[in-house]
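Note that the numbering runs from 1 along the sequence shown for the chain.
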Amino acid sequence: MTRIVIIGGGPGGYEAALVAAQLGAEVTVVDRDGLGGASVLTDCVPSKTLIATAEVMTGFDSSHEELGIEIDHDGDGIGDEVRGIGVDLGKVNRRVKRLALAQSEDIMASVTRAGVRVVRGRGRIRPGQAPDGTRTVEAELADGGTAELAADGVLIATGGHPRELPDARPDGERILTWTQVYDLQELPRELIVVGSGVTGAEFAGAYQALGSRVTLVSSRDRVLPGEDPDAAAVLEDVFRRRGMNVMSRSRAAAAKRNGDTVEVTLTDGRVITGSHCLMAVGAVPNTQDMGLEEAGVQLTDSGHIVTDKVSRTTAPGIYAAGDCTGVLALASVAAMQGRIAMYHFLGDAVAPLDLKTVSANVFTDPEIATVGYSQADVDEGRIDARVVKLPLLRNPRAKMQGVRDGFVKLICRPGTGIVVGGVVVAPRASELIHPISIAVDNSLTVEQIAKAFTVYPSLSGSIAEAARQLHTRKTAEEQ
């Protein structure tokens with residue numbers, strides 16, 4: 001029986017374990033913190049649970065008047081703002097932790113039911129291979145001692161952890177990383193969020209919705225610099241309109257605590273003061289002190305593991321998946337990398353990882369969902385394509401729900417009309433992107449999308465309308 005040892009129990013690790021067990025391998029997962037990894041325990045699941053509460057708050061605040069809903073304006077708000085609704089952050093965070101732990105336990109049950117052995121500890125690969133090609137993984141056990149695990153194949157799926165600035169060390173009380181915010185019992189009165197990428201934007205929007213005064217410090221000229229520029233512009237406009245202080249082209253140099261306040265110093269000398277500061281300045285891969293380079297695994301300058309399209313590293317018999325590879329920091333991608341690794345190593349049919357079929361979502365309000373080729377790919381000539389963008393203001397369902405911000409964007413090839421990309425900015429964009437993902441993955445044409453029935457009224461109707469407009473344009477070009 002083939003022996004597989006997986007170091008790390010996040011999405012890349014536990015999904016790989018399930019596949020390997022189904023294919024008849026003897027599987028051991030060495031995990032330090034709990035199955036599900038950071039994605040379930042401190043990152044994706046907790047943050048989206050927190051955001052779920054924020055969504056209710058935002059949806060109510062932004063549309064209740066138009067929808068004719070009356071609230072009691074006699075309640076006390078934060079600062080000068082008077083709100084009829086509030087939030088008990090301690091209760092919210094207790095729910096966050098409870099759901100995260102329950103999800104981790106569910107994963108543990110699924111994995112052990114599949115026959116996978118789980119070892120609690122920290123794994124390290126010993127250098128070299130035995131004459132039969134096997135490797136040895138040494139596990140430092142959580143309850144003391146060590147265990148040696150022989151492996152025909154090894155998967156590294158150790159994830160990453162928040163990056164820290166030398167002069168802005170988190171203390172877990174006032175200066176926080178995104179893994180520490182769930183210990184807060186009271187809502188930050190004035191929250192400074194450093195970093196305007198996906199993590200920074202999501203938390204900034206969430207805490208603003210919950211009632212904090214938020215300052216978002218962005219070193220770039222706009223929020224979400226890696227996302228569709230039209231989508232980022234919509235979100236930044238919404239942030240500012242709701243009262244967020246968005247500071248573009250501003251880089252934080254240091255953050256220090258002064259009693260019950262935090263002072264963030266920018267590189268140009270300006271100082272921002274708040275009650276709390278959330279540092280969201282990227283992540284660092286968990287690849288140190290694992291014996292990787294000694295085992296022949298190549299690392300990048302940033303410490304990420306170099307992999308190919310089937311998750312192989314430069315060392316025979318060693319694969320890698322997830323955030324430690326730096327490929328694309330999404331739980332869905334990590335899971336796919338892990339599954340592909342096991343399919344490949346165990347000789348099953350496998351298709352290489354194709355990032356152009358990956359759908360992703362930013363859980364702000366409105367949400368931003370993307371798949372396939374981007375507007376930047378079109379603008380910079382990496383692909384010849386046609387683009388149609390339809391504002392949600394024209395959508396009847398959006399009007400009924402009081403939704404003003406957002407759009408649907410569809411990208412197709414000019415000759416064939418094959419859908420190659422899309423962007424949705426809307427409430428529940430994470431759900432609306434799925435038909436576009438199916439189209440991209442199966443090379444469907446705009447004609448096929450346009451002919452499919454949609455419910456009236458629905459937000460998905462805008463996807464069909466965008467396809468109809470692209471099909472009409474394609475037909476006109478052919479005449």
For Lys256, does the NZ atom sit with more than 12 other heavy atoms under 6.0 Å from it, leaving out its own atoms? no

Would you say Thr261's side chain and Gly274's backbone share a donor-acceptor pair under 3.5 angstrom? no

Tell me, please, whether Tyr182 has Lys97 positioned over its six-membered ring: NZ or CZ under 6.0 Å from the ring centre and within 45 degrees of its axis? no

Is there side-chain contact between Asp365 and Val238, with at least one heavy-atom pair below 4.5 Å? no

Only one of Val262, Ile192, Thr265 passes side chain to side chain contact (heavy atoms under 4.5 Å, CB included) with Ile272, and that residue is Ile192

Please confirm whether the backbone N or O of Val246 pairs with a side-chain atom of Arg240, one donor and one acceptor, at under 3.5 Å? yes

So Leu224 and Val198, side-chain contact (heavy atoms from CB on, under 4.5 Å) or not? Walk me through it. CA-CA 6 Å; Leu224 296 175; Val198 173; 4.2 Å; yes

At their closest point, which heavy atom of Val29 faces which heavy atom of Gly9, and how far apart are they? CG1-CA, 4.1 Å

What are the two closest non-hydrogen atoms of Met279 and Ala168, and how far apart are they? CE-CB, 3.9 Å

So, Ser212 side chain and Val214 main chain: donor-acceptor pair closer than 3.5 Å or not? no

Considering only NZ, NE, NH1 and NH2 on the basic side and carboxylate oxygens on the acidic side, decide whether Glu236 and Arg222 come within less than 4.0 Å. no

Quick check: does any side chain N or O of Asn93 sit under 3.5 Å from a backbone N or O of Val96, one acting as donor and the other as acceptor? no

Look up atom CD1 in Ile463 and atom NZ in Lys409, then write down how far apart they are to the nearest 0.5 Å. 14.5 Å

For atom CZ of Arg382, is the number of surrounding heavy atoms from other residues, nucleotides or ligands below 6.0 Å larger than 12? yes

Student check: side-chain heavy atoms of Lys389 and Gln375 closer than 4.5 Å: no

With side-chain contact (heavy atoms from CB on, under 4.5 Å) as the criterion, how do Asp289 and Arg122 come out once you've worked through the C-alpha distance, each side chain's angles and the decisive distance to 0.1 Å? CA-CA 10 Å; Asp289 194 30; Arg122 187 179 188 278; 4.1 Å; yes

Under 3.5 Å, side chain of Ser430 to main-chain N/O of Asn361, donor-acceptor pair present? no

Is any side-chain heavy atom of Pro170 less than 4.5 Å from a side-chain heavy atom of Glu164? yes

Non-hydrogen side-chain atoms of Val281 and Leu165 separated by less than 4.5 Å: yes

Are the side chains of Asn286 and Cys324 in contact, using a 4.5 Å heavy-atom criterion? no

Sequence neighbours excluded and cut-off under 3.5 Å, please list the side-chain donor-acceptor pairs for residues 333-343, or say none.
residue	atom	partner	partner atom	Å
Gln337	OE1	Gly322	N	2.8
Gln337	NE2	Thr325	OG1	3.3
Arg339	NH1	Glu15	OE1	3.1

One pair to check against side-chain contact (heavy atoms from CB on, under 4.5 Å): Glu202 and Val362. What are the steps and the verdict? CA-CA 7 Å; Glu202 287 184 347; Val362 183; 4.0 Å; yes

Between Thr49 (side chain only) and Ser47 (backbone N and O only), is there a donor and an acceptor less than 3.5 Å apart? no

If only atom types and distance count, is the side chain of Arg174 paired as donor or acceptor with the main-chain N or O of Ser275 below 3.5 Å? yes

Those residues that, when tested against Arg257, pass side-chain hydrogen bond (donor to acceptor under 3.5 Å, both in side chains) (two or more places apart): Asp171, Glu173

Are Glu26 and Arg117 within salt-bridge range, i.e. N to O under 4.0 Å? no

Taking Asn442 for its side chain and Ile438 for its backbone only, find out whether a donor-acceptor pair lies under 3.5 Å. yes

Can a donor-acceptor pair be found between the side chains of Arg3 and Thr134 at a distance below 3.5 Å? no

For Glu148 and Thr136, which I'm curious about, is there any donor-acceptor pair between the side chains at under 3.5 Å? no

Under 6.0 Å from the CZ atom of Arg242, do we count more than 12 heavy atoms belonging to anything else shown? yes

Can you tell me how far CG of Leu35 sits from CG of Asp106, rounded to the nearest 0.5 angstrom? 11.0 Å

Closest heavy-atom contact between Ser437 and Val371? OG-CG2, 3.7 Å

When you check the side-chain N and O atoms of Tyr207 and His276, is any donor under 3.5 Å from an acceptor? no

For Arg251, does the CZ atom have more than 12 heavy-atom neighbours from other residues, nucleotides or ligands under 6.0 Å away? no

Less than 4.5 Å apart, any side-chain heavy atom of Asp228 and any of Ile368? no

Spatial distance of atom CZ (Arg163) from atom OG (Ser302) [nearest 0.5 Å]: 11.5 Å

Working to the nearest 0.5 angstrom, can you tell me the gap between Ile383 CD1 and Tyr373 OH? 4.5 Å

Here the pair of heavy atoms bringing Ser104 nearest to Leu41 is CB-CD2, 3.9 Å

Quick one: closest heavy-atom pair of Ile125 and Ala295, and the distance? CG2-CB, 3.9 Å

Is any side-chain heavy atom of Ile305 closer than 4.5 Å to one of Leu299? yes

Flag the pair Pro435 / Ile449 as yes when at least one side-chain heavy-atom distance between them is below 4.5 Å, and no otherwise. no

Thr313 (side chain) donor-acceptor with Ile318 (main chain) under 3.5 angstrom: yes

Which heavy atom of Thr314 sits nearest to which heavy atom of Gln298, and what is that distance? OG1-N, 2.8 Å

Intermediate values then yes/no, side-chain contact (heavy atoms from CB on, under 4.5 Å), Thr287 and His304: CA-CA 7 Å; Thr287 56; His304 291 94; over 6 Å; no

Distance check, rounded to the nearest 0.5 Å: Glu227 atom CD versus Thr364 atom OG1? 9.0 Å

Can you pull the salt bridge (charged side-chain N to carboxylate O under 4.0 Å, His left out) pairs that have at least one residue in residues 351-362, sequence neighbours excluded? Lys356-Asp377

Please test Asp167 against Arg169 for salt bridge (charged side-chain N to carboxylate O under 4.0 Å, His left out), starting from the C-alpha separation and ending with a verdict. CA-CA 6 Å; Asp167 295 323; Arg169 297 296 185 188; over 6 Å; no

Nearest-0.5 Å distance, CZ of residue Arg213 to CZ of residue Arg189: 6.0 Å

